[in-house]
Structures are given as C-alpha cells and as structure tokens.
There are 2 protein chains.
Amino acid sequence: MARRTGSNGAQTAETLRRAALTLFARHGYAAVSMRMIAAEVGVQPGALYNYMGSKQDLLRDLMVSHMEELLAAWTARAPDPDPDPVVALRAFVRFHIRHHIGREDAVFISYMELRNLEPDNFAAVHALRGAYESALRVILEDGAAQGVLHAPDAPVATRAIISMLTGVTNWFRGSGRLSADDIEDIYTDMTLRAVSPTAKGAIHQGEDPCSTHP
Amino acid sequence: MARRTGSNGAQTAETLRRAALTLFARHGYAAVSMRMIAAEVGVQPGALYNYMGSKQDLLRDLMVSHMEELLAAWTARAPDPDPDPVVALRAFVRFHIRHHIGREDAVFISYMELRNLEPDNFAAVHALRGAYESALRVILEDGAAQGVLHAPDAPVATRAIISMLTGVTNWFRGSGRLSADDIEDIYTDMTLRAVSPTAKGAIHQGEDPCSTHP
DNA sequence: GTCTATAAGGGGATAGAC
DNA sequence: GTCTATCCCCTTATAGAC
C-alpha cells in the first residue's frame, strides 16, 4: 500500500495496533518483522517508530491493554457482585465467554507471548491476570463457605474453569452450527454442574479400576 | 560445551531433541536459533545438520512424536474401553492428567507452534489430535445415549473438557502444596460433575428436579 | 561425526531529507 | 509524518578439511 493523502497520526497509530495484533496472533511475535507490519500498515518500516518505542513496547501495550479492558469490562458489568454465589458465578461465566468471543487474537497473544515479555512487562501483565482470576476465586470461596457450591480447592477450580472457558477461543468462530448464545448456554451449564453440590461425585464411586497409581 | 571424546551419533541425536524441546517451549520456535540449540547440545551449528534435515523437520518430528506417543499410551491403557461410559470417562480423565503432567514442554509446543508448521506438517499433527479427541467424544456420546452422562453437545463438551484438563500444564509443577494425585482427584471430580445427569442445571435455576437433599 | 568458514539474506533500529 | 538509505548484527543452511 502506498501512503494515502490525508492520512494522519492517530489513524496510523490505530492501524498499526490492529495490524500488529493480527500478525502477532497469526505468526507469533518473534516471527513477525517490522517490515511485515509496515507493509500491512502501508508505510515504510522507519515510519513505524513515530508511534512506538520498540517492538517490545508494542507487544507490552497490546497485552496490557487487553487485560485492562477485560478488568474494566468486568468491573462495569458487576460493580456490585450478587450476594448469591450461584448467581454471581453464572454472571461471570456468561461475561467471560461473551467478552472473549470476538477477541481471539488478543486472547491468543495474551497466553502465547508471555514468554516474549521482558521481566518488568511480564510482571505487569501477570498482576493484571491475577486480579481478574481472583474475582472468580472469591465467588467460588463464598459459594463453598455457604454450601451452595462444591469447590474443595478454590484456586485449582478457578484455574480449571478459566482454562475451560477461555479454550472456546481456540475453535469457535461464529460461522458454524452454533451461535455465541448457544456457546454461552453450554459452557454455563457445564461450569455450574462442575461445582454443583448436588452432582454425583467422581471419587467416592467404589472401586476405581482406572487408578494407575504404581 | 566443547566436543566430548567418545560422544556418538545416537546420543547426540537424543540430546538434540531434548534441547530443542526445552528451548522451543521456553522461547518459541521462531525465537530459537540453530546457534542456541548447538550451544545447548555442545556442538557447532553446522554439525546439527547431521541429525535433521531442517529446523522445520525438527519441529514436525517433536510434535508428531508427542501426538503419536499420546495415542499409543491411550491405546495401551484402554485397549478394550469399559462399556460403562462413566467408568470410561473417569479412566480417560485420569489418563490425560497423568500423561500430560511431566510433559509440559511438549504440550506447550503442541498448542503454540501449530502456526509455525508448514501445511503438510500441520495436517499430520491436526489429524492425530482429532483421533485422540474422538476417543473422549465417543465416551460422551455413549454416555448421553445411555442417559448416564449429561452432554447435550458432545463435540463442544469434548473440547471444553480437553481444555480444562490440559490447562493443568500451564501452572502445575509438582513442587507446591498439591501432588499429582491430588490434581487427578480434583479434575476427575470436576469433570464427572460437569457431565453428571444429576447435577443442578445452570439454565433453569430455581428448580432442582434431581436434588438429593430436600 | 565434527570442525571452520562462508554464502545469501533478513533482522531491529536510526539519520537526515522533505 | 513519511520517505530513502543505511548500520550492524543475526539468521538458516552448506562446503570442504580433518
């Protein structure tokens, strides 16, 4: 693409962020060159440095922005968490699925490129992730304390649920047989069952022929 | 490391595979240079080409080997699947967790570096992954047909469960307060509950047709 | 089987003109 | 704000000596 007459800085900056997000998700941070980004944006490589300090700064900004947006959206969605942990959990699951569908690139980058962040940048992103996950953990802890949820180990259950929910971005594309609402329903159902105190437990089922403990 | 007297080809080949697995997992395929691998193996960069055709061949071999090993282990573990889907599901969950703990590097590479595989290599790995996931899907379908499992959408439930289980490799390291056995127990419990027909459903809240407690 | 040396090309980032 | 040109370094892979 050649330089377009009338292009301005703010527009180019946003185009740059979107191009980098797509390219990093598709090929990986290390595999994407400044020349590739410049070609996608439609400027010469050197011009990119009007909008970013370095390639690392660009990665950090994309990841921090994603996490801050996620936290802000959850805070706006549930400024006053429902006192019923079951209701709060259902709200969290629907929010998480809904927020992540359509942000597949940012989600993928936020998991895969952690290793390419320099230590200070990693610490910042890691702290934001911890803040978000603690919202779910507190719901599970409250539910367990009240006896309305079954979560003997809340930290582990938190990670298990987050992994299950976020995994939807690995395959769901919205163009298949299921709508985003269908997905929300299925995952909400599975999550609520997974921590339901009325479900059949898995461990106390008599003999376990599957145990492979040596 | 300098060349060691008495080193031989087979030993170097295995050292190369292990070094590449660790480095690819830690820094990413694109960020790892042949020089880094050679330094880790203890040879000069050019000598690596006695053991591999190219860097891409090395990545494909690592990923295909991981998937083939996984499939072979499951086939050996359950050559004759239990006719009771609940028992079969419990066996699958325990197998999956147990097999993946200790293989964090291979698991991470198998998910993160799919995008760096050339089309033919990607197709091969993708097919192997599909074969493995179908083992779980069939269990869920059988269980739903018999009414002993709740899985209204078996393909989606399969992906949700695999994501939840594999997610354990993102954080579990064995040196914390929980043992691998503890993790197996927790995830087996959550998975069985998630597809239990006796759990409280998530969508029709307020009614609880299956509660065992008044 | 491993070494040294090198080919051929791409990498991030900067300088200075306009 | 964007361009052209460039610095200096690293990349994968190969050639040929030993």
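Just so it is clear, the values below take in all heavy atoms, side chains as well, and ignore hydrogens, waters and symmetry mates. Below, chains carry the letters A, B, ... as their sequence lines are ordered, and counting in each starts from 1. In this text, all values refer to a predicted model and were calculated from it rather than measured experimentally.
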Inset, instruction - Using a 4.0 Å cut-off on protein heavy atoms (strictly under), produce a 5'-to-3' string for nucleotides 8-15 of chain C with B for base contact, S for backbone-only sugar-phosphate contact, and - for none. - result: ---BBBB-
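Taking the six-membered ring for Trp and the full ring otherwise, A:W74 and A:F95 have centroids separated by under 6.0 Å.
Protein atom CG of B:L48 is 10 Å distant from nucleotide atom P of D:dT12, rounded to whole Å. Atom CG of B:L58 and atom C1' of D:dA13 are 14 Å apart (whole Å). Rounding to whole angstrom units, CD of residue B:Q44 and P of D:dA13 are separated by 17 Å.
Applying the side chain to side chain donor-acceptor pair (under 3.5 Å) test to B:N170 and every residue at least two apart in sequence or in another chain returns nothing.
For the residue pair B:H150 / A:R193, a side-chain donor-acceptor distance below 3.5 Å is found, with atom types taken as modelled. If you check the side chains of A:D182 and A:S179, you find a donor sitting under 3.5 Å from an acceptor.
Residue pairs meeting the salt bridge (charged side-chain N to carboxylate O under 4.0 Å, His left out) criterion with at least one member in residues 124-137 of chain A, sequence neighbours excluded, are A:R137-A:E141. Among residues at least two apart or in separate chains, salt bridge (charged side-chain N to carboxylate O under 4.0 Å, His left out) pairs with a member in residues 152-162 of chain B are A:R177-B:D153. Sorted by first and then second residue, the pairs that involve residues 42-59 of chain B and meet salt bridge (charged side-chain N to carboxylate O under 4.0 Å, His left out), not counting sequence neighbours, are B:D57-B:R60.
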Any N/O pairs under 3.5 Å between the protein and nucleotides 16-18 of chain D? List them or say none.
none

Legend entry - Step-by-step ring-ring contact (aromatic ring centres under 6.0 Å, His included) determination, A:Y132 to A:F92: CA-CA 11 Å; A:Y132 179 68; A:F92 182 89; 5.4 Å; yes
